[in-house]
Amino acid sequence: MPELPEVQTIAAGLNKYLPNLQFAAVSCDTPKLFPNDPDLVNMHLLGSQVRQVSRRGKAIIIDLNTGYSLVIHLKMTGQLIFVSPEMRDKIPEQMPGRFTHIIFAFTDGSHLYFNDQRKFGWIKLMPAEEVWELKFLKEMGPEPLMEAFNEKYFAEKLKRRQMAPIKAVILEQKVVAGVGNIYADESLFLSGILPSRSAGSLKPKEVKALCANIKKVLAYSIELGGSSRKDYVNAIGQKGDYLDEAYVYGRTGQPCRHCDSPIEKTKVAGRGTHFCRHCQK
DNA sequence: CACTTGACCTGTCCGC
DNA sequence: TGCGGACAGGTCAAGT
């Protein structure tokens, strides 16, 4: 489900509601989604209070006042939905729902639901200082909206990935954090580059444009609250609007917004890939 | 090392 | 209406 703009929206939403709430109980019907030692959970999660909620790439991190943190990855279909007693009659769907697998209860009567249709996601409890030792976080590339992700860095990375399709390279979290299938297609469209082009074939001007357009499309989607294909909702269950504005993603057969040619769909790097043959070379 | 493919799960959608 | 197959926003392990 979620790429950077969606995870950003969820983390920001949670950060509005969770700080200072105290964990009262946790239940889970699918242990692999919450692979934590019950003793650790009792000692460091239950009774603890939330300090803050943040994001790195597509991971969500909830820091606790016990020096422990919850690290969360939603993968394809994960959702995190917060429901307070006052909100309960206003939420779009009944919670817990059909796909709710983990429930956190807080002492004030509110709840945080982890839903995941495909059960790929997970939540790990660990000491805060170990979070950044997690392999995937340690190796993660720069945040695309920060200055560290710039033309020079990007060109340098691409040098080592001459043969791979450019789309495969920007999907790689070690190269740049947070880009997924939707924003890969969108940023390549805005840059006029076919997703199947080898990374090594990009001219300096194209590298520069792609770097800028990754930033642009992610920032714009954050403004619109992210993309909702089917599963994505924010921390209080609302959908995002980016896909109403999308250039190519999910628009197979519809006219290109720039030239009216039909948007085509193929497979690149094993993923469904949308592009305009006329606007992208 | 660079790159590709399959696996993880389950639901939905499309074509016959 | 029913059924099989393809596909789905992410990542990792194992393969070439």
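The structure presented is a predicted model; accordingly, all values stated were derived computationally and were not measured. Order of the sequence lines sets the chain letters (A, B, ...), proteins ahead of strands, with each chain counted from 1. Basis for what follows: all heavy atoms, side chains included, without hydrogens, waters or symmetry-related copies.
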Between [M] and [N] - [atom1] atom distance, rounded Å:
N	M	atom1	result
B:dA7	C:dG5	P	16 Å
C:dG9	B:dC3	C1'	23 Å
B:dG11	C:dT11	P	22 Å

Atom-pair distance ([atom1] on [X]; [atom2] on [N]), nearest Å:
X	N	atom1	atom2	answer
A:Leu74	B:dC8	CG	P	22 Å
A:Asn181	C:dA8	CG	P	8 Å
A:Asp185	C:dC7	CG	P	15 Å
A:Gln173	C:dG9	CD	P	14 Å
A:Leu134	C:dG10	CG	C1'	16 Å
A:Glu172	C:dG10	CD	C1'	12 Å
A:Ile60	C:dT11	CD1	P	12 Å
A:Lys167	C:dG10	NZ	C1'	12 Å

Using OP1 and OP2 only, check whether a side-chain N or O of [X] sits under 4.0 Å from [N].
X	N	result
A:Lys135	C:dC12	no
A:Tyr183	C:dG9	no
A:Lys265	C:dA6	no
A:His73	C:dT11	yes

Query raised in the report: Does the side-chain ring of A:Phe120 lie flat on the base of C:dT11, meaning centres under 5.5 Å and planes less than 30 degrees apart?
Result: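 Stacking is absent between C:dT11 and A:Phe120, given that the ring centres and planes do not meet under 5.5 Å and under 30°.
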Query raised in the report: Are A:Tyr232 and C:dG9 stacked, counting the six-membered base ring, centres under 5.5 Å, planes under 30°?
Result: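 So no, this residue does not stack on that base, at least one cut-off failing.
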**Report entry** Pairing nucleotide - C:dT16, Watson-Crick or G-U, each distance under 3.5 Å
**Finding:**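 Pair assignment: C:dT16 / B:dA2.
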Report task. Using both distances under 3.5 Å as the test, list the Watson-Crick or G-U wobble partner of C:dG9, or none. Result ->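 Its partner is none (no Watson-Crick or G-U wobble pair with both distances under 3.5 Å).
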Query raised in the report: Got a sec, which residues hit ring pair (Phe, Tyr, Trp, His ring centres under 6.0 Å) with A:Tyr242, two or more places apart in sequence or on another chain?
Result: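 Testing A:Tyr242 for ring pair (Phe, Tyr, Trp, His ring centres under 6.0 Å), a comparison that skips the adjacent residues, returns A:Tyr183.
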Query raised in the report: How is A:Lys174 classified with respect to the nucleic acid when contacts are heavy atoms under 4.0 Å: base, sugar-phosphate, or nothing?
Result: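 Since no nucleic acid heavy atom lies under 4.0 Å of A:Lys174, the category is nothing.
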Query raised in the report: Heavy atoms under 4.0 Å, any strand shown: does A:Gly272 hit a base, just sugar-phosphate, or nothing?
Result: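 Sugar-phosphate: the residue A:Gly272, judged by heavy atoms under 4.0 Å, touches backbone atoms but no base.
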Requested in this report: Establish, yes or no, whether a centroid distance under 6.0 Å links the rings of A:His258 and A:Tyr247.
Outcome: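 Between A:His258 and A:Tyr247, the centre distance is under 6.0 Å.
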Query raised in the report: Looking only at side chains, do A:Asp63 and A:Ser69 share a donor and an acceptor under 3.5 Å apart?
Result: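 Their side chains do contain a donor-acceptor pair, which is all the 3.5 Å distance test asks for.
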If you group Ile, Leu, Val, Met, Phe, Trp and Tyr by side-chain heavy-atom gaps below 4.5 Å, do [X] and [Y] land in one group?
X	Y	result
A:Phe149	A:Ile222	yes
A:Leu190	A:Leu145	yes
A:Leu45	A:Leu18	yes

Query raised in the report: Hey, what's the ring geometry for A:Phe104 with A:Phe34, parallel, tilted or perpendicular (30° and 60° as the breaks)?
Result: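 Taking A:Phe34 first and then A:Phe104, their aromatic rings stand perpendicular (interplane angle over 60°).
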Report task. Evaluate the ring planes of A:His44 and A:Tyr68, with Trp represented by its six-membered ring, and classify them as parallel (under 30°), tilted (30 to 60°) or perpendicular (over 60°). Result ->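 Ring orientation, 0 to 90° scale: parallel.
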Query raised in the report: So, are A:Arg98 and A:Glu93 salt-bridged, with charged N and O less than 4.0 Å apart?
Result: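 Here A:Arg98 does not pair with A:Glu93 in a salt bridge, since their nearest N and O are not under 4.0 Å apart.
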Report task. Ignoring the backbone of A:Lys58, work out which of C:dT11, C:dG9, C:dA8 is nearest its side chain. Result ->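 Per side-chain heavy atoms of A:Lys58, the pick is C:dT11.
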Requested in this report: Evaluate the salt bridge (charged side-chain N to carboxylate O under 4.0 Å, His left out) criterion for residues A:Arg161 and A:Glu172: first the C-alpha distance (whole Å), next the side-chain angles of each, then the deciding distance (0.1 Å), finally the verdict.
Outcome: CA-CA 11 Å; A:Arg161 306 294 304 277; A:Glu172 185 124 10; 3.0 Å; yes
Requested in this report: Indicate for each nucleotide in nucleotides 10-16 of chain B, in 5' to 3' sequence, whether protein heavy atoms under 4.0 Å reach the base (B), only the sugar-phosphate (S), or nothing (-).
Outcome: BSS----
Report summary line: Protein heavy-atom contacts under 4.0 Å, written 5' to 3' over nucleotides 1-6 of chain B as B (base), S (sugar-phosphate only) or - (none), form the string -SSS--
Requested in this report: Start with the C-alpha distance between A:Glu133 and A:Lys138, add both sets of side-chain angles, then the distance that settles salt bridge (charged side-chain N to carboxylate O under 4.0 Å, His left out), and finish with yes or no.
Outcome: CA-CA 6 Å; A:Glu133 298 303 314; A:Lys138 208 169 181 172; 2.9 Å; yes
